[in-house]
Amino acid sequence: MRSEKLRVVLNAISLSRIPLGLVFLVLILRGALTEGLLVFLLGVSSDKVDGFLARRLRLEKIGLGRVLDPISDRIFISLSFLALYLAELKVDISWWAVLLTVGQDLILAPVGAYATFKKHRVSVSALGKLATSYQYVFVSFLLLLNLLGFSLNLLPLELMLVSLNLLSAGHHIYLCLLKGKNGAS
């Protein structure tokens with residue numbers, strides 16, 4: 001009974017990233033970058049907290065959370081990148097970096113969810129975790145640049161973003177389809 005209540009709490013923490021992503025989108029589009037950054041950091045914190053608690057309590061491989069968590073992550077990241085692209089920022093992200101980041105999530109999230117439900121196995125990809133962490137750092141850094149009024153050519157950072165996304169996607173597909181495991185981040 002206790003573990004069931006804990007799973008519900010962890011699922012609620014995971015799902016909180018979806019409305020946080022929507023709030024982030026609205027704030028950034030309204031030009032409220034400081035508030036947007038705080039909401040974004042709250043979403044990142046919720047990802048870290050629910051992951052830590054799930055591992056600590058050994059609840060990461062059971063229940064609905066094994067699908068809700070990665071899907072919530074992907075929606076949160078996608079909304080964040082869309083917000084950065086649509087907003088009028090001094091330093092902004094390229095359309096192709098957004099397309100490749102969001103596109104990957106739109107393709108891989110259903111594949112990962114299907115593999116998780118079908119095979120009942122979860123294998124977290126270190127490459128996926130690295131790509132997600134870089135995405136978090138990239139969004140935070142871009143917001144900080146705009147808040148501080150600094151100008152910077154983002155091309156090298158965007159190339160790193162896209163490279164990590166593509167490597168993670170390839171590894172994810174390899175784990176899901178070829179090896180029969182779910183490599184969701």
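Rounding to the nearest 0.5 Å gives a distance of 9.5 Å between CG of Leu38 and CG of Leu27. Atom CG of Leu142 is separated from atom CG of Leu37 by 10.5 Å, given to the nearest 0.5 angstrom. Between the CZ atom in Arg74 and the CD atom in Gln104 there is a gap of 7.0 Å [rounded to 0.5 Å]. To the nearest 0.5 angstrom, Leu144 atom CG is 12.0 Å from Leu152 atom CG.
Shortest non-hydrogen contact noted between Leu79 and Gly21 is CD1-C, 3.6 Å. Smallest separation of non-hydrogen atoms from Ser72 and Ile18: OG-CD1, 3.9 Å. Nearest approach of Ala131 to Leu164, heavy atoms of both residues: CB-O, 3.9 Å. Thr132 approaches Asp47 most closely through the heavy-atom pair CG2-OD2, 4.5 Å. The heavy-atom pair separating Ile28 from Ala87 by the smallest distance is CG2-CB, 3.5 Å.
For an aromatic pair to be called close, the ring centres must be under 6.0 Å apart, and Phe76 with Phe24 fails this.
Counting non-hydrogen atoms of neighbouring residues, nucleotides and ligands closer than 6.0 angstrom, the OH atom of Tyr85 reaches no more than 12 such neighbours.
Looking at Ser16, its side chain does come within 3.5 Å of a backbone N or O of Ile13 through a donor-acceptor pair. Lys90 places no side-chain N or O within donor-acceptor distance of the main-chain N or O of Phe150, the cut-off being under 3.5 Å. For Ser46 (side chain) and Gly43 (main-chain N/O), a donor-acceptor pair under 3.5 Å exists by modelled atom type. Side chain of Glu158 to main chain of Ser94: a donor-acceptor pair is present (N/O by atom type, distance under 3.5 Å, no hydrogens or angles).
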(message) Test side chain to side chain contact (heavy atoms under 4.5 Å, CB included) on Phe81 and Ile77; report intermediate values, then the result.
(response) CA-CA 6 Å; Phe81 276 86; Ile77 285 291; 3.7 Å; yes
(request) Give the C-alpha distance, both sets of side-chain angles, the deciding distance and a yes or no for side chain to side chain contact (heavy atoms under 4.5 Å, CB included) between Leu84 and Val98. (result) CA-CA 9 Å; Leu84 295 176; Val98 174; over 6 Å; no
(request) List the steps and the verdict of side chain to side chain contact (heavy atoms under 4.5 Å, CB included) for Glu88 and Leu29. (result) CA-CA 8 Å; Glu88 304 249 351; Leu29 291 178; over 6 Å; no
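The side chain to side chain contact (heavy atoms under 4.5 Å, CB included) test with Leu100 is passed by exactly one of Val162, Asp105, Leu161: Val162. Considering Arg7, Arg56, Arg17 in turn, Arg17 is the only one that fulfils the salt bridge (charged side-chain N to carboxylate O under 4.0 Å, His left out) rule with Asp50.
Side-chain contact check for Ser168 versus Leu130: every heavy-atom pair is 4.5 Å or farther apart.
No path of Ile, Leu, Val, Met, Phe, Trp and Tyr side chains, each step under 4.5 Å between heavy atoms, connects Val26 with Phe40, placing them in separate hydrophobic clusters. Val137 and Leu147 are assigned to two separate hydrophobic clusters, defined by single-linkage of ILVMFWY side chains at heavy-atom distances under 4.5 Å. Connection of Val8 to Leu68 is not established within any shared hydrophobic cluster, with ILVMFWY side chains joined at heavy-atom distances below 4.5 Å, either directly or through further cluster members.
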